[in-house]
Amino acid sequence: MPPKKTANQLSPEPSAPASGTRRGSSASLEKPPGPLSVTVAPEERDTIKVNNASVTDLKNACDDALKRYLSRPNLFKQIHLHTDVRLTLGWAGVLVAGATGLYGWKVDFEQSKPGVWAGFILYVILTTLQTLYAYFVEGDIIFVGRRKTFSKRIITERITISSRSIPMSSSSSQPSPANAPSYSLNLTYLQSTSGGKSLLAKNRAQGSKEYSAFFDEKGVMAQELFERWVGELVEGAMEGKGA
């Protein structure tokens with residue numbers, strides 16, 4: 001009579017692919033969601049219409065749409081540091097000018113000269129600092145966002161986006177699909193942990209596209225197309241794929 005098999009011999013052992021699937025699913029949870037994974041309902045969009053003959057209006061519309069798109073819940077919280085610095089310097093200059101004028105009006109002219117000169121010099125310094133900050137520090141930056149996610153550890157992400165308009169070539173006076181003003185973006189993406197002490201990733205991406213790809217002949221913006229393009233650029237920067 002053949003020997004009986006034990007219960008351990010009859011029970012199949014778990015296969016290796018199953019455990020590999022579980023590891024893959026847990027790894028996917030560690031990846032922060034990108035903009036394309038957070039959908040936008042059509043009713044959340046308002047119609048955007050601009051003068052498509054004005055490159056400035058086209059750029060401003062794209063800048064505003066980008067800020068709204070990336071600052072949605074579960075994405076990035078916009079940091080207004082550059083705006084706050086410029087406003088602080090601007091308001092400080094206004095207050096100094098007002099206080100100096102009031103002092104010069106209430107005090108005798110000869111007696112108020114030193115104070116007026118001091119106020120004038122301080123006003124010039126504040127105004128100069130505001131101009132230099134806007135030009136050298138803020139530059140073309142239109143969006144700075146930060147996000148914290150938790151998956152086994154706290155991961156902090158920071159994204160900085162600069163934009164500018166690329167004019168059509170001066171060699172041609174008539175715009176065409178191959179020669180039209182374009183919207184250009186430069187992205188810098190940082191991912192860190194331990195309160196910024198440990199850098200996990202630092203990636204860059206850039207891309208440009210003609211304004212005519214996002215606006216029709218009446219100046220109405222195709223927001224879904226624009227958002228998809230921005231989302232692909234951002235996710236490319238998150239994954240280290242420079243565009």
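This structure is a prediction, so every number in the text was calculated from the model and none was measured. Side chains are part of it too, since the values below use all heavy atoms of this structure and drop only hydrogens, waters and symmetry mates.
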Using 0.5 Å steps for rounding, measure from the [atom1] atom of [X] to the [atom2] atom of [Y].
X	Y	atom1	atom2	answer
Asn60	Ile48	CG	CD1	11.5 Å
Leu87	Thr83	CG	OG1	6.5 Å
Ser192	Ile155	OG	CD1	9.0 Å
Lys202	Leu190	NZ	CG	6.0 Å
Arg147	Thr156	CZ	OG1	11.0 Å
Leu185	Gln206	CG	CD	10.0 Å

Between [X] and [Y], is there a shared hydrophobic cluster once you connect ILVMFWY residues whose side-chain heavy atoms come closer than 4.5 Å?
X	Y	result
Val220	Phe226	no
Phe214	Leu36	yes
Val96	Val94	no

Determine which pairs satisfy salt bridge (charged side-chain N to carboxylate O under 4.0 Å, His left out) with at least one residue from [range], sequence neighbours left out, and list them in order.
range	answer
residues 86-103	Arg86-Glu138
residues 92-101	none
residues 182-194	none
residues 55-67	Lys59-Asp63

Exercise for the section: List the steps, then state whether side chain to side chain contact (heavy atoms under 4.5 Å, CB included) holds for Ile161 with Ile159. Expected result: CA-CA 7 Å; Ile161 302 178; Ile159 187 168; 4.1 Å; yes

Closest non-hydrogen atom pair between [X] and [Y], with its separation:
X	Y	value
Ser163	Ile142	OG-CG2, 3.3 Å
Met238	Pro33	CE-O, 4.0 Å
Gly104	Val116	CA-CG2, 4.0 Å
Val144	Ile141	CG2-CG2, 3.7 Å
Tyr123	Gly93	CD1-O, 3.2 Å

Counting only heavy atoms not in [X], do more than 12 sit closer than 6.0 Å to its [atom1] atom?
X	atom1	result
Tyr103	OH	yes
Glu239	CD	yes
Asn51	CG	yes
Arg146	CZ	no
Leu199	CG	yes

Exercise for the section: Go through Leu187 and Val234 one step at a time and tell me if the side chain to side chain contact (heavy atoms under 4.5 Å, CB included) criterion holds. Expected result: CA-CA 7 Å; Leu187 298 83; Val234 172; 3.6 Å; yes

Counting only pairs under 3.5 Å, give me each side-chain donor-acceptor contact of residues 106-114, with atom names and distances, residues two or more places apart or in other chains.
{"from": "Asp108", "atom 1": "OD2", "to": "Glu110", "atom 2": "N", "distance (Å)": "3.4"}
{"from": "Ser112", "atom 1": "OG", "to": "Asp108", "atom 2": "O", "distance (Å)": "3.0"}
{"from": "Ser112", "atom 1": "OG", "to": "Phe109", "atom 2": "O", "distance (Å)": "3.0"}

Listed partners of [X] passing side chain to side chain contact (heavy atoms under 4.5 Å, CB included), at least two apart:
X	result
Ala201	Gln191, Asn203
Ser208	Ile166, Ser184
Leu129	Leu89, Ile125

Problem - Presence of salt bridge, Arg228 and Glu232, under 4.0 angstrom - result: no

[Y] and [X], any side-chain heavy atoms less than 4.5 Å apart:
X	Y	value
Pro35	Glu235	yes
Val50	Lys218	no
Ile79	Arg158	yes
Phe120	Thr100	no

Completion exercise
Sorted by chain and residue number, the ring pair (Phe, Tyr, Trp, His ring centres under 6.0 Å) partners of Phe215 (sequence neighbours excluded) come out as none

Handout entry: Worked check of side chain to side chain donor-acceptor pair (under 3.5 Å) between Thr188 and Arg204
Key = CA-CA 5 Å; Thr188 301; Arg204 297 178 182 273; 3.1 Å; yes

Problem - ring pair (Phe, Tyr, Trp, His ring centres under 6.0 Å) partners of residues 59-99, not counting sequence neighbours, each pair once - result: His82-Tyr133

Problem - Residue pairs fulfilling ring pair (Phe, Tyr, Trp, His ring centres under 6.0 Å) with at least one residue in residues 188-213, sequence neighbours excluded - result: Tyr183-Tyr211

Completion exercise
side-chain hydrogen bond (donor to acceptor under 3.5 Å, both in side chains) pairs touching residues 33-49, sequence neighbours excluded, are Arg45-Glu227

Handout entry: Side-chain (Asn52) to main-chain (Glu217) donor-acceptor, under 3.5 angstrom
Key = yes

Handout entry: Derivation and outcome, side chain to side chain contact (heavy atoms under 4.5 Å, CB included), residues Thr149 and Glu157
Key = CA-CA 8 Å; Thr149 55; Glu157 300 167 276; 4.2 Å; yes

